[in-house]
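First comes the structure, then the notes that go with it.
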Number of protein chains: 2
Amino acid sequence: MASSSGTQSISRAAALLRVIATRNAAGLRLSELVTATGLERPTARRILQGLIDEGMVRQAPETRRYFLGPALFELGLAASPGLDPRGLCTESLERIAAQTGDTVFLTIRSAFDSVCLDRREGSYPVRALTVEIGARRALGSTAGGIALLMTLPEDEAERIIDANTLRLPRYGTLNAARLRKMVARGRTLGYALNSDDIIHGVSGVAIALPTIPALPAMALSLAAISSRLGPERQREVVAVMRAEVDVVLERARAWRQGLSGAAW
Amino acid sequence: MASSSGTQSISRAAALLRVIATRNAAGLRLSELVTATGLERPTARRILQGLIDEGMVRQAPETRRYFLGPALFELGLAASPGLDPRGLCTESLERIAAQTGDTVFLTIRSAFDSVCLDRREGSYPVRALTVEIGARRALGSTAGGIALLMTLPEDEAERIIDANTLRLPRYGTLNAARLRKMVARGRTLGYALNSDDIIHGVSGVAIALPTIPALPAMALSLAAISSRLGPERQREVVAVMRAEVDVVLERARAWRQGLSGAAW
DNA sequence: TATCGTAGTCCATAAAGTGGACATCAGAGC
DNA sequence: GCTCTGATGTCCACTTTATGGACTACGATA
């Protein structure tokens, strides 16, 4: 982690931003940020103040909680890749959510983490909103993350699980050993499955997309209360998702040929 | 500019990111970044290296040019406001581009700058692609920016033009005095007009959207080669855009009532 | 081969950032 | 009301970090 040199405060600032991104909907208190990053309170405060001055962080005046700021939204736009993974999958997510009634997620891999790019909620009245858009989590701590691990060479997946060992328990009743079993089970089943393994009462299935050049590794996942996701329904739902994967791949192919049109 | 204290490197890093965002499609060379930010070369290099380590900047191995990195894209997602200005206007931009055949932009105000949130290209073979998505420019240096200035109280617009005086000439044959006239002309016409005023041969029209609570000030604009945008056609095109403003406002209203549905 | 412009590296130095200690405030408990 | 607790925010002497002048490396141009 000791990045070469001369950039201590930048890596600290980046760490703060990443932590805030984890739970941006609710925002974080200063003390939470301090424990999450291991910084001293005055240091964290000062850096946050600097980020606020730059518009990268916003502090709610009433609650004093910290949120990501508009400048990041704007920079993020400029940083968007030409082929936008999110735009590519919007309609597919919508269709899956509509057909299944459950909550659907688009997840990408980012180093040792997974990042939730998009989410659609189905019509079923009990919703499993476990992950919010933009949330960054240890790779493997969601069904989508497990699907992404499944596509990696075993030694690389192992390296990542190893690196994430300490972070995994934070998300519920998870640990490295259980995650390894879940990845193995996923390989057998042909799709990633989390049934009550991470948060009690919530289950999820996920499949990774084949690699699309110029895009990060992506996965589609679906979450519901466990009673709605028995073995039979898992297979149904995965079939729906597989069909949409084909749609996405076709759209990406069309885009590559300049037939962009409604690519986003 | 002298932000209180204790965050010099953060404000320097932010300045670098903002400059890169200005022309992210082509990327920037180190020397360009040095002159644009006024930093010493080793300093800029070191900070860029730190940003690269954090994934916020990417350096093309071949050309050594610097681009915004994937981490910003991911953070930007998490920073997206609940009501997404871009999603809100996607279809409207598409329809305007389809109906007019020209290039259409969605722009927001961000302090003294305008930021291009989205762009759609029409079918007309000669395209005016003056601004790229994510590009941050001095407020007033595009038709969209002028439309945004028009909606502000005169003294505030004046303050902004004043602050931007030095930056305006960078974008073509523009200066503070001409901009003031253009804002005045826009107030008379009822829409912002740039006919050959900024870049020779390129014209544009723009209208601001009424303020939508919880969203930044927004404007729709359209650019074309000047021969396609005489007074008559200006009025036609503005009529199309006005109709779409109503659509957007209706969508925002629907969203507020929880009837979100396809809000994005 | 010499010259220029650009990118990257080094390291003595100084300034910027650090964090222990203190001040302040809101709410809980007596 | 008054004290206690746990939080946020501020200060400033100290020292670690970041700075930038000077150097090297490379490639294009003459």
Side-chain angles (χ1 to χ4, degrees), chain A residues 1-69 71, chain B residues 1-69 71:
Chain A
M1 281 240 170
S3 51
S4 40
S5 73
T7 43
Q8 189 199 54
S9 52
I10 287 173
S11 68
R12 289 176 168 189
L16 284 167
L17 292 177
R18 275 193 298 268
V19 171
I20 300 178
T22 304
R23 296 192 276 144
N24 191 50
L28 286 106
R29 336 184 92 242
L30 178 56
S31 53
E32 296 175 302
L33 286 167
V34 165
T35 54
T37 57
L39 298 172
E40 295 294 330
R41 197 174 39 265
T43 303
R45 244 290 302 187
R46 187 163 21 79
I47 293 174
L48 286 166
Q49 187 57 50
L51 291 169
I52 289 170
D53 291 345
E54 302 298 337
M56 296 195 173
V57 167
R58 188 170 54 78
Q59 183 173 28
E62 208 40 49
T63 61
R64 306 195 157 171
R65 282 167 175 268
Y66 295 89
F67 300 81
L68 298 181
Chain B
M1 281 240 172
S3 52
S4 38
S5 73
T7 43
Q8 189 198 54
S9 52
I10 287 173
S11 69
R12 288 177 168 187
L16 284 167
L17 292 177
R18 276 193 297 268
V19 171
I20 300 177
T22 306
R23 295 191 276 144
N24 189 51
L28 286 109
R29 336 183 90 243
L30 179 57
S31 55
E32 295 174 303
L33 286 167
V34 165
T35 54
T37 57
L39 297 171
E40 297 293 330
R41 198 178 32 267
T43 303
R45 244 289 302 186
R46 185 163 22 78
I47 293 174
L48 286 167
Q49 188 57 51
L51 291 170
I52 289 171
D53 292 344
E54 302 297 338
M56 296 195 173
V57 167
R58 188 171 54 80
Q59 183 173 27
E62 207 40 50
T63 61
R64 306 197 154 170
R65 283 169 174 266
Y66 295 89
F67 300 83
L68 298 181

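A, B, ... follow the sequence lines: proteins, then strands. Residue 1 opens every chain. The shown structure was predicted, so the numbers you read here are calculated from the model rather than taken from an experiment. Basis for what follows: all heavy atoms, side chains included, without hydrogens, waters or symmetry-related copies.
Atom CD of B/Gln49 and atom C1' of D/dG20 are 17 Å apart (whole Å). Counting to the nearest Å, the C1' atom of C/dG19 and the CD1 atom of A/Ile47 are 12 Å from each other. One interatomic measurement links the two molecules: CD of B/Glu40 to P of C/dG8, which rounds to 17 Å at whole-angstrom precision. Taking atom CG of A/Leu48 as the reference point, atom P of D/dT8 lies 11 Å away to the nearest angstrom. Between A/Leu39 atom CG and C/dG20 atom C1' there is a gap of 16 Å when expressed in whole angstrom units. We find that CZ of B/Arg29 is positioned 10 Å from P of C/dG8, with the value rounded to whole Å. What separates CZ of B/Arg41 from P of C/dG8 is a distance of 10 Å, to the nearest Å. Nucleotide D/dT17 holds its P atom 17 Å from the CZ atom of B/Arg12, rounded to whole Å.
For A/Thr43, taking side-chain heavy atoms from C-beta onward, the closest of the listed nucleotides D/dA22, C/dT18, C/dT6 is C/dT18. Side-chain proximity of A/Arg45 to D/dT10, C/dG8, C/dG17: nearest is D/dT10. Distance from the side chain of A/Gln8 is smallest for C/dT18 among the nucleotides C/dA7, D/dG9, C/dT18. For B/Leu30, the side-chain atoms get nearest to C/dG8 when compared with the rest of C/dG8, D/dG9, C/dG19.
Proximity of B/Leu39 to B/Leu16: side-chain heavy atoms (C-beta onward) are separated by under 4.5 Å at one or more points. Taking 4.5 Å as the limit, every side-chain heavy atom of A/Leu48 sits out of range of all side-chain heavy atoms of A/Gln59. Counting heavy atoms from C-beta on, the side chains of B/Arg45 and B/Leu30 come closer than 4.5 Å. For the pair A/Thr22 and A/Arg18, the minimum side-chain heavy-atom distance is 4.5 Å or more.
Contacts of A/Gln59 with the nucleic acid, taken as non-hydrogen atoms under 4.0 Å apart, involve only primed sugar atoms and P, OP1 or OP2.
Here the CG-CZ distance, from B/Leu28 to B/Arg23, works out to 4.5 Å after rounding to the nearest 0.5 Å. Here CD1 of A/Ile47 is found 8.0 Å from OG1 of A/Thr37. Values are rounded to the nearest 0.5 Å. Taking CG from A/Leu17 and CE from A/Met56, the interatomic distance works out to 7.0 Å, rounded to the nearest 0.5 Å.
Remark: B/Tyr66 is in phosphate contact with C/dG8, judged by side-chain N or O atoms under 4.0 Å from OP1 or OP2. Applying the 4.0 Å criterion to OP1 and OP2 of D/dA18, one finds that A/Ser9 has a side-chain N or O inside that range. Listed pair B/Arg46 / D/dT19 meets the phosphate criterion, a side-chain N or O lying under 4.0 Å from OP1 or OP2.
Axis orientation changes by 30° from one end of the helix from C/dT1-D/dA30 to C/dC30-D/dG1 to the other, with each end axis drawn from 5 pairs and the value rounded to 10°.
For the pair A/Ser31 and A/Ile10, nearest-nucleotide mapping onto DNA chain D gives the more 5' position to A/Ser31.
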